[in-house]
Each structure stands twice: as structure tokens, then as C-alpha cells.
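Whatever order the structure lists ligands and atoms in, that order sets their numbers, starting from 1.
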Amino acid sequence: MRDMSEPSPASTSPEAAFGPVTPYRDATCGELRAADAGREVRIAGWVHRRRDYGGLIFIDLRDRYGLTQIVINESEAPEASEVANGVRIEFVLEVRGTVARRLAGTENSKLATGDIEVQARSVEILSESQTPPFYINEPDAPVDESLRLRYRYLDIRRKPLLDRLLLRSELVRAIRETHHRAGFVEIETPILLKSTPEGARDFIVPSRLQPGSVYALPQSPQQLKQLLMVAGMDRYFQIARCFRDEDLRGDRQPEFTQLDLEMSFVTEQRVMDFVEAMIVEVSRAVVPDRPIAQLPFPRIDYHDAIERYGSDKPDLRFGMELVDLAAALAGPGADPDSTGFRVFDETIAARGRIKAIAAPGMGDASRSQIDELVAFARRYGAKGLAHVSVNPDGTGHSPIAKFLGDERIAAIVKAAAAKSGDLVLIVADAEADLVADVLGRLRQELGLRLGLADLNVLAYCWVYHFPMYKWDSDRGRWDATHNPFSGVVPEDEKLLVTASGDPYRPTRQDPAGKARAMQYDIALNGWELGGGSVRIHRRELLERSFALQGYSLEQMHELFGGILEAFDFGAPPHGGIAMGIDRWAALFSHQTNIREVMAFPKTQSGTDLMLGAPSEPEPEQYSELGLRFVGLEPGSGKAGQS
Ligand code: ASP
């Protein structure tokens with residue numbers, strides 16, 4: 001009989017209480033070694049594999065700690081053998097027996113417990129299992145993702161997802177430890193909240209006690225962490241769940257987790273210094289075998305990042321920088337207004353940009369490969385993609401050589417620092433941003449395709465001094481590029497004015513368009529890992545910034561009244577950052593989709609396939625909440641005509 005009488009807490013040492021020993025087992029499936037030979041043990045777990053040799057049954061018993069081989073010999077343990085005969089994969093067993101060294105030559109060096117086996121005296125079935133819908137013991141076998149999501153508890157039994165969730169747990173632990181050591185206070189902020197705009201739609205929750213009113217789930221704890229600084233908390237952090245109702249992509253989920261932090265009496269430099277030191281410590285603790293490319297992390301001005309990499313989250317594991325071809329095309333003695341190639345001439349006339357990258361070793365790309373690159377560039381808005389292939393002797397050849405002439409082709413090859421065998425890819429457009437974006441995407445795509453990025457390396461970098469605003473021509477206002485609360489670089493404070501002088505009438509001509517924000521993003525291997533800023537902490541300036549962002553005084557008070565009022569009571573200068581834990585965990589475990597590091601993610605359409613969320617409310621919920629659905633056009637997310 002199993003002894004279920006638990007020792008009283010007073011008589012249990014923490015080690016005994018926290019350890020794996022329970023009334024069902026003395027050891028986990030990952031724990032027994034050769035030195036345990038001769039020990040009488042009980043172990044419990046899932047049947048990973050079962051092999052029946054007639055009279056001799058082998059079972060690999062599995063739990064999250066590992067696998068242990070159980071041997072059941074019919075002649076020595078006839079009852080155990082009979083039970084084992086009825087056992088199928090994924091049954092839960094408790095086995096009692098003796099630890100024995102495996103026979104010489106039958107050890108399994110790939111398994112931590114591979115030197116031993118447990119010779120069973122008794123086998124008890126604790127729980128039976130149906131045949132699972134996919135193989136748990138073949139972790140590399142491809143399984144349809146919807147099946148994995150529907151049976152997530154089975155997917156988590158498989159080693160790859162289990163290992164990633166364990167890594168994620170280590171990541172969060174390392175983050176917590178570092179912050180506590182640095183004097184940060186961990187504070188939970190509410191989930192039922194008011195709208196906190198971060199550029200997405202809110203999820204809303206109707207209130208029963210205040211019919212007709214809704215809570216919004218936080219897109220981030222932004223305002224609360226700032227209020228904590230006003231409260232004098234000085235250093236706050238939280239592993240915060242955030243909610244954003246937007247169309248989902250590989251690196252997005254409707255709810256996700258951020259490391260959110262805020263510090264008082266800091267400058268941009270100080271926040272970046274702390275966050276960088278924290279990142280280094282966390283990376284070394286969680287993925288010690290992955291080298292950090294560069295220390296200190298490169299700090300790149302936003303405009304430089306766009307100029308050199310065509311991206312505000314550049315992948316610094318490889319070079320392939322963007323180069324400007326204006327000087328090469330103007331050439332000595334050349335007509336400055338005519339390159340001979342119409343597309344380039346029109347771009348020059350429109351004061352656009354002509355830029356290039358040199359893709360190493362792609363000089364012999366086939367026609368169809370080039371066509372594919374052209375299609376790629378077009379997908380992101382380019383009108384075309386010109387190319388020059390570099391010959392073995394270093395000269396270039398190109399379909400546009402007949403317009404440009406050999407001298408300009410040679411100048412392009414030189415400007416792009418292309419070597420023999422390279423392919424120079426050129427984008428020309430009146431819109432400088434478009435040129436940068438298309439080449440930036442090509443650079444990222446080709447860098448990975450051509451194997452230029454060392455996949456083991458962690459290349460972190462900072463991009464800072466983003467533009468404060470971007471003109472929204474539809475709404476006639478300046479949208480904050482990142483965060484409506486971001487501070488302005490002190491020398492640019494004078495730019496936060498409108499051309500008309502009326503703060504509530506922003507126009508495209510406003511000096512505000514040139515203002516730089518005290519905003520910094522942290523990128524890792526071409527992904528935006530996080531972003532933050534030093535904030536505006538003076539009410540008057542915040543109101544000016546909100547006015548540029550198109551808010552009337554009334555709207556400002558409705559949406560941000562709480563924080564504006566708080567700023568009347570002594571707000572310290574403060575700043576912080578938020579980093580995506582899901583993205584970080586994904587990058588640490590070489591995944592491109594954050595679903596792969598979430599225990600229970602939702603599908604692309606925001607559905608939980610396991611528990612069936614979202615679902616229709618119960619009829620009484622409608623009446624309690626004073627709600628009536630007016631009917632929906634299926635799949636449109638819009639109210640219908642009914
Ligand atoms: N609240 C911002 C975000 O969620 C981060 C920050 O500025 O601290 O992106």
C-alpha cells in the first residue's frame with residue numbers, strides 16, 4: 001500500500017518538501033545513476049516506449065526530468081509482467097523495483113540514466129491513455145499545428161516544446177533575479193483598466209456594476225508605471241501581460257508578455273546602460289554557449305540605421321550595408337542631370353534616392369533567381385530592381401550597361417564595394433523611405449539565405465533618437481512614432497510647436513516633424529526586442545505634445561486626465577523600456593514564431609483551439625451586462641445590418 005499519510009509541514013524540511021520525493025516516487029525519471037545500483041526505488045511517469053520480447057518487457061518511463069528504462073521479467077515478477085502486458089504508450093505508471101547497472105555494451109550514452117535500468121517488482125497503472133493523436137516519442141516528426149494547439153498538453157510532453165518552456169522559465173527567473181539585485185521593486189498593475197494607447201485596438205470588458213461602461217485590457221502598463229514614478233517608487237519592474245487587438249503575424253499574439261520597467265532621475269544613457277548590463281547578464285545565464293557579437297552594444301542613431309541598414313532593427317550579424325549611388329552616377333565629367341537611364345534620371349529629378357547593396361557570391365544568379373528578387377522588391381513597393389553582376393576580373397555587366405555606359409557601371413561596382421562574383425542590387429525611387437525599406441528587407445532576406453549570419457551569435461544593438469512624430473495625412477495630425485509619452489531631445493524642445501501658432505491645429509509644415517524623441521529600441525538579430533524612452537514629465541509639455549498628436553483638451557482629459565493631474569504633484573524625470581519576453585525566448589531558442597515559446601498560444605485568428613475561446617456569452621450574461629449583439633457579418637469583425 002502506498003503510504004498517503006503526509007508528514008506535517010512542521011516536520012518537513014524545505015528540501016524534502018520541495019524535492020521530487022512524494023508518496024508515489026523516490027526519484028524522478030531523470031535522476032538514477034550507476035551509483036544507485038542496488039537501491040530499491042519507486043518511480044512514476046508516462047510510458048514513452050514499450051518493447052515486448054515475450055517474457056521480457058522494456059518500458060521507457062518518462063517525466064519532465066528524463067527517461068528511465070524499466071525491465072519487467074515475467075519469470076521474476078509474473079504479476080508485474082501481467083500488468084505491463086496491458087500497458088500502452090502514455091499510460092501513467094508507478095513502478096517499484098531495484099536499480100541495476102545495465103549489462104556491459106547495452107548502456108546508452110545519450111541518456112543521463114543510460115547506465116542503469118530499474119528491474120521491476122511491481123507495476124501499477126495510475127491512469128490509462130488513449131492512443132495520442134501524434135507521436136510524443138518522435139519529437140521531430142512534423143505534426144499539423146492545429147493538432148498541436150488543440151492537444152497542447154500532449155505537445156508540451158514532447159521534448160522540443162518542453163525544453164523551450166523550461167528555457168523561458170529560466171529567462172524570466174534570470175530577469176527577476178537581476179532586477180531584484182539592482183534594487184527594482186516588482187509591482188503588479190491591474191488588468192482591468194482604461195485604454196492605454198500603444199497604437200493597437202483595445203480589448204474591452206463590459207462592466208456589470210456600471211452598465212454601459214467598459215474596461216480596456218492594458219496594451220501596456222505605460223501610464224501606471226509612470227504614476228509609480230510620481231509615487232516615488234524609483235525603480236519598478238513587472239513581467240507584464242499586455243493585450244493588443246490587431247491582426248496577428250508570426251511575432252504577434254493578442255496577449256503577450258513584456259518585461260516592463262521604469263526608473264526615476266535617469267537619462268537615456270543611464271536606462272540604456274542598465275538595460276544593456278541586465279541583457280548581458282540574462283543572456284549569459286540562460287544561453288551561456290551563445291556569444292554576444294559586440295560589447296558594449298553598438299548604439300546607432302535612427303537616421304544612420306536607416307541609411308546604412310534600411311531598418312530600425314538592423315541585423316548586425318553581417319555587413320552588406322546600403323550605399324548611396326548618387327556620387328558614382330554623377331561621375332567625373334558626366335552630365336549631372338542625365339545618367340542615360342530614364343528611371344535613374346527621373347529619380348534624380350524628383351530628388352529621390354538611388355541606393356544599392358552587394359550580395360556576395362550571387363553574381364551568377366539565374367534569370368529566374370533575379371526575377372524572384374525583383375518580385376520580392378515589388379512586393380514592398382519598389383517599381384523595379386536593377387542589378388549589376390561582377391565578373392571574375394572585377395568589371396561589371398548589367399542589362400542597364402547599355403544606358404549607363406561602362407564607366408558608370410564600374411563606378412557602381414566600386415561604390416558598392418562589390419567583389420568579383422557579387423551581385424549589386426539597386427533600388428531607385430522618389431521616396432527615400434521606400435528605397436531604404438526595400439533594400440533593408442532584401443539585405444535581411446539575402447543575409448539569411450546566403451548564410452552570412454552566424455546563427456549562434458547574439459547581435460544586440462541600440463537604435464536611438466527616433467523621430468518624435470510621423471505625419472498622419474488621413475487624420476491631419478502628428479502620430480507619436482512610438483509612445484505618446486516619449487520625451488523630446490532637449491535641444492529639440494523648441495520644435496514642439498505648430499507653424500500656425502495654434503497648438504490645436506497641426507499641419508504637415510510644423511517644425512515638430514523634425515523633433516527627435518528620447519526614444520531607444522533594442523534589436524536582436526534583426527528583430528525589435530524592445531523599446532522605451534525618457535518621458536515628458538512636465539504637464540505643460542505633455543499637453544503640447546498631445547495637442548500635436550491631434551487631441552483636443554477635452555479628449556486629453558478624458559483619456560489622460562489621471563496622469564496629467566499627477567504631473568501637478570511633483571513628477572520626477574523618468575524613463576524606462578519594455579521588452580518582449582516571447583520574442584526574447586523565441587530568439588534564444590532559434591524560433592521564428594513566438595507561439596513556439598508560449599504554453600498556450602492562440603491561432604492566427606485569435607482562437608484557443610484547446611478550450612474553445614472565444615465563445616458566445618451565456619444568455620444571462622447579456623442581460624446582466626446590458627448587452628445586445630446586433631449580429632455580425634461572419635469573419636468581418638464588423639457589426640452587420642440586422
Ligand atoms: N510602453 C511601451 C511599449 O509597450 C514601452 C515603453 O516605452 O516603456 O512599447
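- No side-chain donor-acceptor contact under 3.5 Å links R583 and Q258.
- Of the N and O atoms on the side chains of Q238 and T189, at least one donor lies less than 3.5 Å from an acceptor on the other residue.
- In this structure, D304 has no side-chain hydrogen bond (donor to acceptor under 3.5 Å, both in side chains) partners at least two apart in sequence or on a different chain.
- For the residue pair H574 / Q226, a side-chain donor-acceptor distance below 3.5 Å is found, with atom types taken as modelled.
- Listed by chain and residue number, the protein contacts of ligand 1 are E198, S220, Q222, K225, R244, Q258, N483, G531, G532, R535, I577, A578 (heavy atom within 4.0 angstrom).
- Under the side-chain contact (heavy atoms from CB on, under 4.5 Å) test applied with F237, the options M263, E262, H180 reduce to a single match, H180.
- Defined by atom type and a distance below 3.5 Å, a donor-acceptor pair is missing between the side-chain atoms of E268 and Y464.
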